[in-house]
There are 2 protein chains.
Amino acid sequence: MTAEPPPSGDARLPLRERKKLRTRQALIDTALELFTARGFGGVTLDELCDAVEISKRTFFRNFAGKEDVAMAPTQDLWRTFLDDLETREPGDRPVAEMLQEALFASLERMTEDGWAHRVLLSRRLAGKTPSMDAHGLHFCHGTSRAALDILHRRFRFDAPDDLRPRLALDLLIAASHCAIEQWTNRPGTPTREDLATDLRAAFAALPGSLTLTAAVRAE
Amino acid sequence: MTAEPPPSGDARLPLRERKKLRTRQALIDTALELFTARGFGGVTLDELCDAVEISKRTFFRNFAGKEDVAMAPTQDLWRTFLDDLETREPGDRPVAEMLQEALFASLERMTEDGWAHRVLLSRRLAGKTPSMDAHGLHFCHGTSRAALDILHRRFRFDAPDDLRPRLALDLLIAASHCAIEQWTNRPGTPTREDLATDLRAAFAALPGSLTLTAAVRAE
DNA sequence: CCAGTTATGCCACTGAGTGGCATAAGCGCG
DNA sequence: CGCGCTTATGCCACTCAGTGGCATAACTGG
């Protein structure tokens, strides 16, 4: 037993890195706790920093803004998604299907303890906090652009300025948002597997959304 | 000649309202001008308010934040879109088509002088300014939710928690963003009609984006 | 143990956004 | 016209997010 399994540690990193990761994680957990209790606007950065015993300057070396600390869990998922996209085989099926598989695979990789719970708190906060919602949307937009770069780097499409790859990505993200919202509003404590279920449902509803017709509501 | 056509005026409103609209318009125009010249972050609200000879307090009675003043033109379009949705007949065609028609009709109504130019400046700024992009996305998300309310109020769908109406709206908005981006990157000074063209192209590409397959790029 | 690197803390500062209150500008009415 | 009534505006002080600079402490490798 030359080493104990590090509690919040990853691989066997240099001490300095582990410390940094530990304060980062403490910031995320404490932030979600405080924000959930008193609201995003009801907690100042100074208070958060005091709680974690960190200077405000250090906070901004870990996160770009107050919103980011509360959205880190979701961002991890999308970063993994981009990683996956770099190597996934396209096969013969539609790109849209490949993208969905990449997202499912990324979800499988979110094995960190309590990840689903953190995402849940994060999304419920975002629902009540416009600036968090805005930042989340912006981040997803950036992810979509990065993914589009990967697609164009790895694959070739008929037309060089084809809109369809980009739309396929935006559709994936729209369906994901839809699924995450459904999942967030589930009663009790939804699990990671529940999220996969909701994602499948949203993806399945995608094709029908273009052909759906409406019935006028009877008075 | 009992009345001259009011330069920036709408209907014959009470004097007080006209004044308010005039300072509002002055704020939008001056903001777009200054932001374009020195960047969004390169202009303080105090400077903007000085230029329009307005107190900062008054600025915040017209706009909710620094970003909003620069995004007003686009927001007008989407507000008109919601208006249109309230009365548009569904017919026998898919909801998605009706939504597209509603957007085209709204675009037709943007007859204000120089509207296209303002949108152009606004979007080009948003491309370089993360916080503007985020706010724009957030606004569109809110519009999508409002439109969903209208759909559910006016029409009846098979299942009460059907995801498809919502996805249809998100798809409309995704395609619109795609189109506006194309339009923004056109060389020269694209017109309102050009925007309609780009919208049509994006909507047409929507169905194919789900079935598109990729060819591996040859080394 | 000793440099060299890198994270941290502290301090002062800018700028967005808010609340309160006095004042002035438009408005309706006698 | 002049009178109150309503509503927009201006001013002031304040909170808080976010930044830059610089000294210091903590890890690292030899």
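Labels below follow one simple rule: chain letters A, B, ... track the order of the sequence lines, proteins then strands, and each chain is numbered from 1.
Closest heavy-atom contact between B:Leu85 and B:Ala147: CD1-CB, 3.7 Å.
The pair B:Arg109-B:Asp83 fails the salt-bridge criterion, with no side-chain N (NZ, NE, NH1 or NH2) lying under 4.0 Å from an Asp/Glu carboxylate O.
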Please list every donor-acceptor pair under 3.5 Å in which a side-chain atom of residues 98-106 of chain B meets a protein atom from a residue at least two apart or in another chain.
| residue | atom | partner | partner atom | Å |
| --- | --- | --- | --- | --- |
| B:Glu101 | OE1 | B:Arg88 | NH1 | 3.4 |
| B:Glu101 | OE1 | B:Arg93 | NH2 | 3.1 |
| B:Glu101 | OE2 | B:Arg93 | NE | 3.2 |
| B:Ser106 | OG | B:Phe81 | N | 3.4 |
| B:Ser106 | OG | B:Ala102 | O | 2.7 |

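For the pair B:Met71 and B:Phe139, the minimum side-chain heavy-atom distance is 4.5 Å or more.
B:Asp68 places its CG atom 12 Å from the C1' atom of C:dG17, with the value rounded to the nearest Å. Rounded to an integer number of Å, the gap from B:Arg22 CZ to D:dT9 C1' is 15 Å. When rounded to the nearest whole Å, the span between CD of B:Glu17 and P of C:dC27 equals 8 Å. One interatomic measurement links the two molecules: CZ of B:Arg24 to P of D:dA8, which rounds to 14 Å at whole-angstrom precision. Here D:dC16 presents its C1' atom at 14 Å from CG of A:Asp50, a figure rounded to the nearest Å. Here D:dA26 presents its P atom at 17 Å from CZ of A:Arg18, a figure rounded to the nearest Å.
For B:His152, the NE2 atom counts as densely surrounded, since its 6.0 Å shell holds more than 12 non-hydrogen atoms of other residues, nucleotides or ligands.
Between the side chains of A:Asp194 and A:Thr191, at least one donor N or O lies within less than 3.5 Å of an accepting N or O.
Remark: A:Lys19 is in phosphate contact with D:dC27, judged by side-chain N or O atoms under 4.0 Å from OP1 or OP2.
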With sugar-phosphate taken as primed atoms, P, OP1 and OP2 and all else as base, the protein-contact string of nucleotides 9-16 of chain C at under 4.0 Å (heavy atoms; B, S, -) is BB----SB
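Toward the 5′ end of DNA chain D lies the nearest nucleotide of B:Asn62, the other residue of the pair B:Asn62 and A:His135 mapping further downstream.
Looking at B:Arg16, its side chain comes within 3.5 Å of the base of D:dT6 through a donor and an acceptor atom.
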